[in-house]
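Data first, discussion second: the structure below is written as structure tokens.
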Amino acid sequence: FFFNDTATTEIYTEQIVGSVRCVQETGTWGEVEKNLDPNYDTPVVRLEKCADHYMHVECIKNMMQNKEFLKCPVCMMMYGVYMGDQPDGQMTHSVNKSMHCEGYDDVGTIQISYSLPSGVRNGQRYHGTARVAFLPDNEEGREVLKLLKAAFDRRLIFTIGTSVTTGANNCVVWNGIHHKTSIAGGTACWGYPDQTYLSRVKEELASKGVTPDSLNL
């Protein structure tokens, strides 16, 4: 389901001469020193959504293994749906019209609440968490809320690891998608104002395959 049949046929029929770069499982470039033809027993295909990035079919299989997604190691384009290992929990939100994120004084605030209880995974007990985060209640903030909800449903917001604040192991921790946990205080307090935050968090979400296009927003 990753490839457009027409595009793949064009690669074969063009008889590309010389070497074609193929993204390997290690993330480095390898060289394919054969012309591409339909009888080549290790075919190379072009990734449909990438800009001229090619891979051996076998390399794709090795990278995917039992996963339902593939990330191009060059441009990070995501194919399929990337599912994380976030433990069970709940995400809720509410809107407070009288509370304002600093720098967004003309709109209210979206308050997001996460609750992930402690549990056991693979015979190992882990410690849960409860977190609160804030977004401005404007068009872009509401878009980010929808993207965060999709990321939560795909188990991407949290993971189990080592707490950066306490150093404790087997804790539910953030998983690379930054949140604003204060409405003020600036970046030093994980708060606002931060005029580039909304665009940055959308980039972080996109790196995990959560984009407006993927959600038909």
Side-chain angles (χ1 to χ4, degrees), residues 69 71 76-78 80-121 125-217:
F69 66 90
K71 180 186 285 190
M76 304 303 160
M77 179 63 71
M78 190 73 68
V81 177
Y82 178 23
M83 298 295 292
D85 61 357
Q86 172 184 293
D88 292 340
Q90 288 187 324
M91 172 185 177
T92 60
H93 77 277
S94 60
V95 177
N96 187 331
K97 296 293 186 181
S98 62
M99 182 167 63
H100 310 285
C101 296
E102 192 169 331
Y104 296 92
D105 297 335
D106 56 340
V107 298
T109 295
I110 301 168
Q111 179 172 313
I112 304 170
S113 298
Y114 296 108
S115 177
L116 294 93
S118 300
V120 177
R121 174 176 290 178
R125 185 164 182 80
Y126 62 84
H127 302 284
T129 192
R131 304 287 180 94
V132 175
F134 302 95
L135 294 167
D137 185 27
N138 60 10
E139 183 176 354
E140 190 173 20
R142 289 188 289 271
E143 178 187 47
V144 170
L145 174 65
K146 292 176 182 178
L147 295 171
L148 290 174
K149 180 63 168 66
F152 187 83
D153 291 342
R154 297 180 189 180
R155 300 180 178 271
L156 300 172
I157 300 291
F158 295 93
T159 189
I160 297 174
T162 301
S163 170
V164 296
T165 55
T166 68
N169 296 320
N170 298 314
C171 295
V172 177
V173 296
W174 296 116
N175 190 29
I177 300 174
H178 289 84
H179 286 61
K180 291 296 186 182
T181 55
S182 175
I183 62 172
T187 56
C189 298
W190 305 103
Y192 297 90
D194 186 346
Q195 294 303 312
T196 63
Y197 167 68
L198 295 177
S199 59
R200 293 200 319 272
V201 74
K202 285 191 287 187
E203 291 175 357
E204 292 170 350
L205 287 157
S207 74
K208 295 178 184 292
V210 184
T211 64
D213 287 345
S214 72
L215 302 180
N216 297 317
L217 297 181

(Q) Please list all pairs meeting side-chain hydrogen bond (donor to acceptor under 3.5 Å, both in side chains) that have one or both residues in residues 126-142, counting only residues at least two apart or in different chains. (A) K97-D137, T129-R131, D137-R142, E140-K202
Q: Enumerate the residue pairs fulfilling salt bridge (charged side-chain N to carboxylate O under 4.0 Å, His left out) with a member in residues 147-173, sequence neighbours excluded, ordered by first and then second residue.
A: D88-R155, K149-D153
Q: Using the side-chain contact (heavy atoms from CB on, under 4.5 Å) rule, take I110 and V144 through it: C-alpha gap first, then chi angles, then the decisive distance, then the call.
A: CA-CA 11 Å; I110 301 168; V144 170; over 6 Å; no
Q | Minimum heavy-atom distance between P117 and G89, given as atom pair plus value | A | CD-CA, 4.3 Å
**Q.** Atom CH2 of W190: over 12 foreign heavy atoms under 6.0 Å
**A.** no
Q) With no hydrogens and no angle check, is any side-chain donor or acceptor of Y197 less than 3.5 Å from a backbone partner on H178? A) yes
Q.
Once side chain to side chain donor-acceptor pair (under 3.5 Å) is applied, do any residues pair with Q90, and if so which ones, sequence neighbours excluded?
A. none
Q.
Checking T181 against F134 for the side-chain contact (heavy atoms from CB on, under 4.5 Å) test, could you report, in this order, the C-alpha distance in whole Å, the side-chain angles of both residues, the deciding distance, and whether it holds?
A. CA-CA 6 Å; T181 55; F134 302 95; 5.6 Å; no
Q: With rounding to the nearest 0.5 Å, note down the distance linking CD in E204 to CG in L148.
A: 10.0 Å
Q | I160 and D85, any side-chain heavy atoms less than 4.5 Å apart | A | no
Q: Starting at CG of L205, measure out to NZ of K146 and round the result to the nearest 0.5 Å.
A: 14.5 Å
**Q.** Close side-chain approach of L147 and P212, heavy atoms under 4.5 Å
**A.** yes
Q: Could you pull out all residues at least two apart from H93 that satisfy side chain to side chain donor-acceptor pair (under 3.5 Å)?
A: none
Q: Please report the shortest heavy-atom distance between G84 and L156, naming the atom on each side.
A: N-CD2, 3.4 Å
Q) M91 versus L145: any side-chain heavy-atom pair under 4.5 Å? A) yes
Q) Would you say T159 and V173 make side-chain contact, with heavy atoms under 4.5 Å? A) yes
**Q.** N/O donor-acceptor pair under 3.5 Å between Q86 side chain and F152 backbone
**A.** yes
Q) Going by the side-chain hydrogen bond (donor to acceptor under 3.5 Å, both in side chains) test, which pairs reach into residues 104-117, not counting sequence neighbours? A) Y114-H179
(Q) Restricting to non-hydrogen atoms, name the atom on L198 and the atom on P136 that form the minimum distance, rounded to 0.1 Å. (A) CD1-CG, 3.9 Å
Q) Which pair of non-hydrogen atoms, one from I157 and one from A151, has the smallest distance, and what is that distance? A) CD1-CB, 3.7 Å
Q | pair N175-I177: side-chain heavy atoms closer than 4.5 Å | A | no
Q: Compare every heavy atom of S214 with every heavy atom of G209, then report the nearest pair and how far apart it is.
A: O-OG, 3.6 Å
**Q.** For G167 against T162, the heavy-atom pair lying closest together
**A.** O-CG2, 3.6 Å
Q. Atom CZ in F158, atom SG in C171: separation rounded to 0.5 Å?
A. 12.5 Å
Q. Quick one: salt bridge (charged side-chain N to carboxylate O under 4.0 Å, His left out) partners of K180, sequence neighbours excluded?
A. D194
